[in-house]
There are 2 protein chains.
Amino acid sequence: MPAGFAKAELIAVLVAVTDNEPRVMTLRGGEALPSGPFESKHRSLQSGLRDWIESQTGHPVGYLEQLYTFADKDRDPDAPADKRRISIGYLGLVREQSAAGAGRPAWHSWYEYFPWEDRRDAYSAEVTTITERLDSWASGDPHYRQRIDFLFGLNGKAWNEDLVLQRYELMYEAGLLDGAELGRPMAGDHRRILATGITRLRAKIKYSPVVFELMPESFTFLQLQRTVEALSGLRLHKPNFRRQIDHQELIEETGEMSSGTSGRPAKLFRYRPAILEAQTLSGTRLPVSRH
Amino acid sequence: MPAGFAKAELIAVLVAVTDNEPRVMTLRGGEALPSGPFESKHRSLQSGLRDWIESQTGHPVGYLEQLYTFADKDRDPDAPADKRRISIGYLGLVREQSAAGAGRPAWHSWYEYFPWEDRRDAYSAEVTTITERLDSWASGDPHYRQRIDFLFGLNGKAWNEDLVLQRYELMYEAGLLDGAELGRPMAGDHRRILATGITRLRAKIKYSPVVFELMPESFTFLQLQRTVEALSGLRLHKPNFRRQIDHQELIEETGEMSSGTSGRPAKLFRYRPAILEAQTLSGTRLPVSRH
DNA sequence: CCTTTTATACTCCTTATGAGTACATTGAAG
DNA sequence: CTTCAATGTACTCATAAGGAGTATAAAAGG
């Protein structure tokens with residue numbers, strides 16, 4: 001086979017949020033991400049993947065974007081060099097998990113695989129284990145010390161929820177992921193691909209209204225907040241969250257009220273995709289000169 | 001050949017800034033981006049590409065990141081379906097253009113290909129041509145009207161320099177790119193790949209210190225500003241640019257002064273990569289609750 | 001000496017954001 | 001029926017960041 005030919009497949013990180021847990025679609029009892037060979041019948045990868053996902057989950061994919069193409073040699077140590085496997089990863093958001101599609105997919109909380117990424121409540125016991133083991137691995141090297149502090153928010157540094165992949169890679173490098181003690185493993189490099197997806201999504205919710213792809217038609221402020229909290233793994237300040245959302249004019253009242261919950265009923269809102277154009281919220285951080 | 005095998009190649013958007021112009025490395029007289037077959041000898045795509053670029057340009061690549069994987073069917077209409085070409089695109093930044101490497105690469109300003117993206121000074125004549133032709137294409141459809149206004153900053157909307165790819169795709173859809181009148185064409189879909197690279201870089205300079213990969217060892221504030229202006233295609237407000245930069249503590253004085261220019265000599269600065277950890281500047285836009 | 005060009009330091013005002021307080025409604029426990 | 005827990009909603013206050021413009025300093029060149 002001439003150089004330049006390789007086995008190509010698609011692999012999907014499909015996310016939904018149910019019961020305030022971010023869930024990812026898995027196969028093989030939760031140890032693999034859905035993937036399949038690169039089919040040639042569709043015009044684009046995107047449209048082909050979209051069809052495939054809808055047949056699997058029974059739900060339309062609200063949002064789909066290319067994540068990353070994984071092709072390093074060490075992902076598949078046994079494969080011959082000229083048949084290196086290329087996986088084109090996609091991140092997809094679906095509105096809710098389905099009962100059962102063709103492949104009977106199972107949805108698992110992504111914190112099963114990355115328990116240390118959930119900082120909504122008390123840190124899990126794993127966190128101290130991790131930092132202790134990282135400490136002994138670094139054995140006083142100031143360069144690694146600084147990196148650990150930065151990635152895990154230690155010694156005065158703030159925790160940054162976006163650094164999912166970098167934390168995973170440090171732990172991998174330190175040999176903490178060989179056993180099954182720290183989070184649930186996955187086949188091959190699927191857990192790294194999942195980490196890539198979480199990283200992308202956590203970054204994205206800050207400057208783009210993708211969260212609404214995960215919300216039902218109408219929802220309360222608190223439901224929206226809980227969804228963002230689930231994704232970011234952080235607790236948010238309620239009044240400030242409200243202020244930020246309605247300052248952006250992304251949602252509007254439906255006129256209905258929530259019911260069935262304890263506490264005072266809340267107004268229901270819906271997303272206003274009409275405003276979608278103005279979405280590129282952040283816009284500029286450059287000090288532009290407007291004359 | 002079984003399904004799942006495809007021809008894979010690497011393609012690079014290599015950027016340098018010289019004489020206040022953002023330049024991209026090209027082959028074949030400026031009509032193609034450098035690309036090559038997927039070689040299997042390196043551990044990762046990244047390291048293989050890095051070596052290749054250094055041999056081509058004679059300069060080390062300061063920064064290299066994966067851009068996007070292009071695989072749509074219509075990029076190569078003549079190819080049989082089962083031999084679809086997959087191109088893995090990378091964005092690389094080099095410090096200056098070299099005299100001549102092995103492949104005698106030529107550097108062209110990226111505004112040759114996208115003249116409408118340069119808004120540093122008076123808009124080029126092309127801009128009015130474009131909006132007129134888009135207008136007649138949209139022929140009053142309010143949906144397209146709104147999209148044109150948003151993408152090109154018309155009718156009260158602000159120009160957003162990040163929407164390079166979206167503008168290119170709208171123009172493509174409207175059939176404005178068939179001839180050679182609007183910017184210089186490139187082979188195949190290379191111009192779209194370049195648009196993807198520019199889009200990524202323009203977004204990136206806002207929240208990450210990648211600009212410094214394009215700067216010489218020491219530089220003045222104005223040189224830095226001119227580089228950012230070249231990349232973003234915008235004029236910046238000088239005092240505010242200064243304030244923003246030194247507020248971030250990314251650079252420090254070398255102690256030297258600039259010379260040889262007209263006007264008052266300026267202090268020279270250097271980048272402080274020591275602070276690189278704290279780079280993730282933007283950090284949070286979520287109203288986190290810190291207890 | 002005066003003009004041009006670049007460098008650098010401020011001021012002013014508005015908006016965004018972190019943090020906390022106060023009060024309103026509901027259902028459930030006692 | 002009262003109280004409380006849980007949720008919803010409206011504020012205030014202080015600080016930081018950002019847009020816009022002004023003022024002064026230091027060089028080169030006529």
Side-chain angles (χ1 to χ4, degrees), chain A residues 20 121 158-161 205-207 218-229 232 234-269 278 281-291, chain B residues 20 158-161 205-207 218-229 232 234-269 278 280-291:
Chain A
N20 299 330
D121 304 307
W159 170 264
N160 185 337
E161 75 281 4
I205 51 174
K206 299 210 187 99
Y207 59 88
S218 68
F219 48 85
T220 68
F221 257 116
L222 189 59
Q223 285 167 355
L224 182 62
Q225 182 179 338
R226 291 285 177 248
T227 303
V228 175
E229 288 176 339
S232 64
L234 295 173
R235 282 281 162 229
L236 304 183
H237 184 280
K238 203 197 288 194
N240 291 350
F241 180 78
R242 297 176 70 84
R243 180 178 58 186
Q244 197 184 74
I245 295 295
D246 59 34
H247 189 276
Q248 291 176 105
E249 301 191 310
L250 290 171
I251 65 180
E252 62 189 2
E253 299 183 15
T254 65
E256 315 272 299
M257 301 290 279
S258 71
S259 63
T261 57
S262 70
R264 174 175 162 184
K267 288 180 186 160
L268 285 173
F269 294 83
L281 301 158
S282 64
T284 179
R285 277 183 177 262
L286 299 175
V288 289
S289 163
R290 314 189 204 278
H291 281 302
Chain B
N20 299 330
W159 170 265
N160 184 338
E161 75 282 4
I205 51 174
K206 299 209 187 100
Y207 59 88
S218 68
F219 48 84
T220 68
F221 258 116
L222 189 59
Q223 284 167 355
L224 182 61
Q225 182 179 339
R226 292 284 178 252
T227 303
V228 175
E229 288 175 339
S232 64
L234 296 172
R235 282 281 162 230
L236 304 183
H237 184 280
K238 204 198 286 196
N240 291 350
F241 181 78
R242 298 176 71 84
R243 177 178 60 185
Q244 197 183 75
I245 296 294
D246 59 35
H247 188 277
Q248 291 176 107
E249 302 189 310
L250 290 172
I251 65 180
E252 61 190 1
E253 298 182 15
T254 64
E256 315 272 301
M257 300 290 278
S258 71
S259 63
T261 56
S262 69
R264 174 175 163 184
K267 288 180 188 162
L268 286 172
F269 294 83
T280 316
L281 301 158
S282 66
T284 179
R285 276 183 178 261
L286 298 175
V288 289
S289 163
R290 314 189 205 279
H291 282 303

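All figures in this text were calculated on a predicted structure; none of them were measured in a lab. Here is how names work: the chains are called A, B, and so on, in the same order as the sequence lines, proteins then strands, and each is numbered from 1.
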Which nucleotide in dA9(C), dA10(D), dT17(C) has an atom nearest any side-chain atom of Arg243(A): dT17(C)
Verdict with supporting geometry, Met257(A) and Thr220(A), side chain to side chain contact (heavy atoms under 4.5 Å, CB included): CA-CA 8 Å; Met257(A) 301 290 279; Thr220(A) 68; over 6 Å; no
Given DNA chain C, 5'-ward residue of the pair Thr220(B) and His247(A), judged by closest heavy atom: Thr220(B)
Check: Arg264(B) side chain, dA27(D) base, donor-acceptor under 3.5 Å: no
Sugar-phosphate, base or nothing in reach of Lys238(A), heavy atoms under 4.0 Å: base
Atom pair distance, as rounded to whole Å: CG in Leu234(B) and P in dA20(D): 12 Å
Any side-chain heavy-atom pair of Val228(A) and Phe241(A) under 4.5 Å: yes
Spacing of Leu222(A) atom CG and Glu229(A) atom CD [to the nearest 0.5 Å]: 7.5 Å
Whole-Å distance separating the CD atom of Gln248(B) from the P atom of dA16(D): 16 Å
Nearest-angstrom distance from the residue atom CD of Gln223(A) to C1' of dT9(D): 16 Å
Gln225(B) (side chain) donor-acceptor with Leu236(B) (main chain) under 3.5 angstrom: yes
Separation of atom CG in Leu224(A) from atom P in dT7(D), rounded to whole Å: 16 Å
Atom-to-atom span, CD of Gln244(B) to P of dA17(D) - whole angstrom: 10 Å
Given dC11(D), dT5(C), dG18(C), the nucleotide with the shortest approach to the side chain of Ser262(B): dT5(C)
Lys267(B) NZ - dA25(D) P separation (whole Å): 15 Å
Leu222(B) CG to dT8(C) P, straight-line distance once rounded to whole Å: 10 Å
Rounded distance (Å) that lies between atom C1' of dT8(C) and atom CG of Leu268(B): 15 Å
Backbone N/O of Leu286(A) and side chain of Gln244(B): donor-acceptor pair under 3.5 Å: no
Sugar-phosphate, base or nothing in reach of His237(A), heavy atoms under 4.0 Å: base
Proximal nucleotide (of dG18(C), dA9(C), dA17(D)) relative to the Asn240(A) side chain: dG18(C)
